[in-house]
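All values below were derived from every heavy atom in this structure, side-chain atoms included, with hydrogens, water molecules and symmetry-related copies excluded.
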Amino acid sequence: MNVLDIGGGFRGRYVERPTIEENAEVINQCLDDYFPEAGGVKIIAEPGRYLVETAVSTAANIIGRKLIYDNDKSSIVHVMYIINDEAYGTFAWVKEVTEVFVMSPVLNKASTENHHSTVWGPTCCGTDCLATETDMPLPLMEVGEWVQISYAGSYSFSCSTNFNSMPRPRLYYFCSSDTWYVISMSDWVY
């Protein structure tokens, strides 16, 4: 063997998993034990998710909402939201790593009380579920409100499709004025 690819999937943020430093400690010990330098095996990794997970957030619009009440209809026990993006669009990666789906209202119009919630995409497909009640406590939001989904830098746009004739989401780039200045003054070729 000439090359060992240890893969990737390393988190770019903390999500109750080992940190990159903890991963590196275990990986380096194993490499020292099983693939010493004298063996001449080239070691490579795929740190893409670690590098870009926090670089992208997405925005979606709430296009539907269903409130589910307790038996005497005195309190909400569950909220089902439908947003205008889907598991076949920007959120193809959600099936793989549901614990990283972090959604929050863009404006502070929502109530502060959280409800068990399920988030669905707009298709008629039963697997277009982005987050279930165990994953997603959310404030009560209205149809028409915008939400931000954080940590979508990995695989969000590259894996999106036009499933069920739903158009792929538009992609917009934003950065701080300081970052734009650095980019515009560089000699990079685009």
Side-chain angles (χ1 to χ4, degrees), residues 1-60 83 85-106 114 116-119 121 127-138 147-161 163 168-190:
M1 175 170 34
N2 298 324
V3 177
L4 172 66
D5 183 347
I6 64 169
F10 308 111
R11 312 286 357 145
R13 65 185 179 99
Y14 176 75
V15 286
E16 294 188 30
R17 287 191 174 186
T19 64
I20 192 71
E21 293 82 9
E22 292 167 334
N23 279 323
E25 185 177 326
V26 172
I27 290 167
N28 287 335
Q29 184 60 52
C30 290
L31 292 175
D32 289 344
D33 291 348
Y34 301 108
F35 298 94
E37 278 189 55
V41 175
K42 180 179 180 180
I43 311 296
I44 62 172
E46 301 174 38
R49 175 168 287 156
Y50 176 74
L51 297 172
V52 301
E53 182 177 52
T54 60
V56 175
S57 291
T58 63
I83 62 173
D85 204 344
E86 59 187 295
Y88 306 97
T90 303
F91 305 115
W93 52 270
V94 168
K95 300 287 186 214
E96 176 189 337
V97 285
T98 56
E99 79 278 3
V100 300
F101 191 85
V102 178
M103 187 168 110
S104 58
V106 171
N114 283 341
H116 293 294
S117 302
T118 304
V119 180
T127 61
D128 196 6
C129 184
L130 305 173
T132 64
E133 64 183 273
T134 56
D135 301 322
M136 191 60 58
L138 288 170
V147 291
Q148 172 184 325
I149 295 89
S150 302
Y151 313 113
S154 305
Y155 309 110
S156 55
F157 200 72
S158 62
C159 291
S160 65
T161 69
F163 177 76
R168 289 174 74 175
R170 291 186 194 148
L171 185 60
Y172 298 96
Y173 299 94
F174 296 91
C175 65
S176 69
S177 57
D178 292 340
T179 301
W180 182 251
Y181 176 77
V182 170
I183 291 170
S184 65
M185 298 308 290
S186 70
D187 292 331
W188 294 352
V189 177
Y190 298 102

* Quick check: does any side chain N or O of Asp85 sit under 3.5 Å from a backbone N or O of Thr90, one acting as donor and the other as acceptor? -> yes

Please list, one pair per line, the donor and acceptor atoms closer than 3.5 Å that link side chains of residues 32-44 to other protein atoms, with sequence neighbours excluded.
from  : atom 1 : to    : atom 2 : distance (Å)
Asp33 : OD1    : Gln29 : NE2    : 2.9
Asp33 : OD2    : Gln29 : NE2    : 3.3

Contacts of type side-chain hydrogen bond (donor to acceptor under 3.5 Å, both in side chains), residue [X], not counting sequence neighbours:
{"X": "Glu25", "value": "none"}
{"X": "Ser176", "value": "Thr179"}
{"X": "Ser104", "value": "none"}

So, for [X] and [Y], which heavy atoms are closest and what is the spacing to 0.1 Å?
{"X": "Ala60", "Y": "Ile83", "answer": "CB-CD1, 3.9 Å"}
{"X": "Thr118", "Y": "Cys129", "answer": "CG2-SG, 3.7 Å"}
{"X": "Ala45", "Y": "Ile6", "answer": "CB-CG1, 3.6 Å"}
{"X": "Ile149", "Y": "Met103", "answer": "CG1-CG, 4.0 Å"}
{"X": "Ser57", "Y": "Ser150", "answer": "OG-CA, 3.8 Å"}
{"X": "Leu138", "Y": "Ser117", "answer": "CB-OG, 3.6 Å"}

* Asked: Any side-chain heavy atom of Thr127 within less than 4.5 Å of one from Tyr88?
  -> yes

* To do: Flag the pair Leu4 / Leu31 as yes when at least one side-chain heavy-atom distance between them is below 4.5 Å, and no otherwise.
  => yes

* **Non-neighbouring partners of Ile20 that pass side chain to side chain contact (heavy atoms under 4.5 Å, CB included), sequence neighbours left out** => Phe10, Tyr50

* Any residue meeting side chain to side chain contact (heavy atoms under 4.5 Å, CB included) with Val106, in chain and number order, not counting sequence neighbours -> Trp146, Gln148

* Looking at CG of Asn28 and CG of Asn23, how far apart are the two atoms once the value is rounded to the nearest 0.5 Å? -> 10.5 Å

* Could you tell me whether Met1 atom CE has more than 12 heavy atoms of other residues or ligands within 6.0 Å of it? => yes

* To do: Check Val119, Asp128, Thr58 against Phe91 for a side chain to side chain contact (heavy atoms under 4.5 Å, CB included) and give me the one that passes.
  => Thr58

